[in-house]
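Here the structure is laid out as structure tokens; the discussion comes afterwards.
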Protein chains: 2
Amino acid sequence: MAEALFARRGFAGVGMREVADVVGLGKSSLFHHFKTKLHLYGEVIARVLGRIEERVRPALTIDAGPAEKLDRWLDALIDALAEQPATARLLLRSLVEDEDMPPEPTPEIESAERAIESILIGVDGLLRAGIEAGVFRAVSVPHMLQTLIGATVYHFASGEFGDELLGHPLLSTEEVRRRKEAVKSLLHHGLVA
Amino acid sequence: MAEALFARRGFAGVGMREVADVVGLGKSSLFHHFKTKLHLYGEVIARVLGRIEERVRPALTIDAGPAEKLDRWLDALIDALAEQPATARLLLRSLVEDEDMPPEPTPEIESAERAIESILIGVDGLLRAGIEAGVFRAVSVPHMLQTLIGATVYHFASGEFGDELLGHPLLSTEEVRRRKEAVKSLLHHGLVA
DNA sequence: GTCTATACTACGATAGAC
DNA sequence: GTCTATCGTAGTATAGAC
């Protein structure tokens, strides 16, 4: 729906008319469901982030050590990003396009921010626990979080550029498998003590 | 100038009027210098990428081993991204916003693509040489490239989100130093054999 | 809940005077 | 090389009939 449009061209690049056509409504009908364009955008972002949060949450509660938990968390995140092509771009935009957006954020956008926070707090705790247990090296946790986001969200948001770089479609099952292996292997050697 | 505007709001989010005001011209005068908005955008992107390419190129020709070269390359890239706040965002956008852009690309955009290619070929060769020499583990080179882009370009493009995550300004000298250390340390343990 | 019609603003782009 | 004026389109948003 609107997800794919916002993912491709961003908030400013998509018109309400275009969204309305794609969902088979008149433009004014769309304004009946969403008071402003920002409300629509907020709902799209919130939905996407909610989905991601649901997918990665279980990995943090399994009965296993920090290294194994991190592997499962990465598997879940990468699977979620790979299954829906628009998700990573939308997510990356919501991280990078934060400025200029508000005056005051819509409730949906606040819900999206809570989802991001929940995801981050979860893996933040995992990393700290691993470091405390001596399983992980004593790295900077915020910087490691940024690296993880870059290695996953950026990767699956890179679209045609990523396709060309890899020589194969980013979202092909083979390349998704290789991505998981690449990220986990880097962390297994670079993060695990 | 226009760099900061496009970095903040992307191609569609910036109007020619706004750019003209910021450079102290009338809108029509701007169209005299750039036939279309796409030509202006292309020139901005090409200039930014050219600057980056100039900065990172020397690191690949120093007289040192692959691991040391990679360290110098990362230092140069991170310094370049940190010095000009708009650069990383613009670069990330140019990677992620590739679709829908053309019918046919402007000459400036083609020049920008050559700069990207040149940067990538350089570090691609460095990684392959390191693997062949047994200095680096036998990782997937394209996936490592994506990881490097994510760890650097995404990080410095993350703006307010990154500031909050780190708890300090992303571009402060202290956090830039920590970023270099975090990335190089991850690679030293995770990539170097 | 969806429609037509409309208001108003901004957009990219062009023409032509200076 | 910069300006004013203008074109045509599309932008967000609202009012009101059905």
Exercise. Please tell me which of A:Ser28 and A:Arg17 maps to the more 5' nucleotide of DNA chain D, matching each residue to the nucleotide holding its nearest heavy atom.
Key: A:Arg17
Quiz item: With under 30° as parallel and over 60° as perpendicular, where do the rings of B:Tyr41 and B:Phe11 fit, or are they tilted in between?
Solution: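 Judged by the thresholds at 30° and 60°, the geometry between B:Tyr41 and B:Phe11 is perpendicular.
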Quiz item: Looking at five pairs on each end of the helix from C:dG1-D:dC18 to C:dC18-D:dG1, what is the angle between the two axes, given to 10 degrees?
Solution: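 Roughly 0°, once rounded to the nearest ten degrees.
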Exercise. Mind jotting down which residue pairs meet the salt bridge (charged side-chain N to carboxylate O under 4.0 Å, His left out) criterion with at least one end in residues 182-193 of chain B? Sequence neighbours excluded, please.
Key: B:Asp75-B:Lys184
Quiz item: Is there any salt bridge (charged side-chain N to carboxylate O under 4.0 Å, His left out) pair reaching into residues 34-49 of chain A, and which pairs are they, with sequence neighbours excluded?
Solution: A:Glu3-A:Arg47
Which pairs of donor and acceptor atoms, one on a side chain in residues 77-88 of chain A, lie under 3.5 Å apart (sequence neighbours left out)?
from, atom 1, to, atom 2, distance (Å)
A:Asp79, OD1, A:Lys180, NZ, 2.8
A:Asp79, OD2, A:Lys180, NZ, 3.3
A:Glu83, OE1, A:Arg55, NH1, 2.9
A:Glu83, OE2, A:Arg55, NH2, 3.1
A:Gln84, OE1, A:Arg51, NH2, 3.2
A:Thr87, OG1, A:Gln84, O, 3.2

In whole angstroms, how far is the [atom2] atom of [N] from the [atom1] atom of [X]?
X: B:Lys27; N: C:dC11; atom1: NZ; atom2: P; answer: 7 Å
X: B:Arg9; N: C:dA10; atom1: CZ; atom2: C1'; answer: 13 Å
X: A:Met16; N: C:dC8; atom1: CE; atom2: P; answer: 21 Å
X: B:Phe34; N: C:dT14; atom1: CZ; atom2: P; answer: 15 Å
X: A:Phe31; N: C:dT6; atom1: CZ; atom2: P; answer: 18 Å

Side-chain donor-acceptor pairs under 3.5 Å in residues 18-32 of chain B, sequence neighbours left out?
from, atom 1, to, atom 2, distance (Å)
B:Glu18, OE1, B:Arg9, NH2, 2.9
B:Glu18, OE2, B:Arg9, NH2, 2.1

Exercise. Using a 4.0 Å heavy-atom cut-off across all strands, classify A:Val19 as base, sugar-phosphate, or nothing.
Key: nothing
Self-check item: First-last contacting nucleotides on DNA chain D - partner chain A, under 4.0 angstrom, heavy atom
Solution: D:dG11 to D:dA15
Quiz item: More than 12 non-hydrogen atoms from neighbouring residues, nucleotides or ligands closer than 6.0 Å to NE2 on B:His168, yes or no?
Solution: no
Exercise. Evaluate whether atom CD of B:Glu117 has more than 12 neighbouring non-hydrogen atoms of other residues, nucleotides or ligands under 6.0 angstrom away.
Key: no
Quiz item: Does B:Leu148 offer a backbone N or O that forms a donor-acceptor pair with the side chain of B:Thr152 under 3.5 Å?
Solution: yes
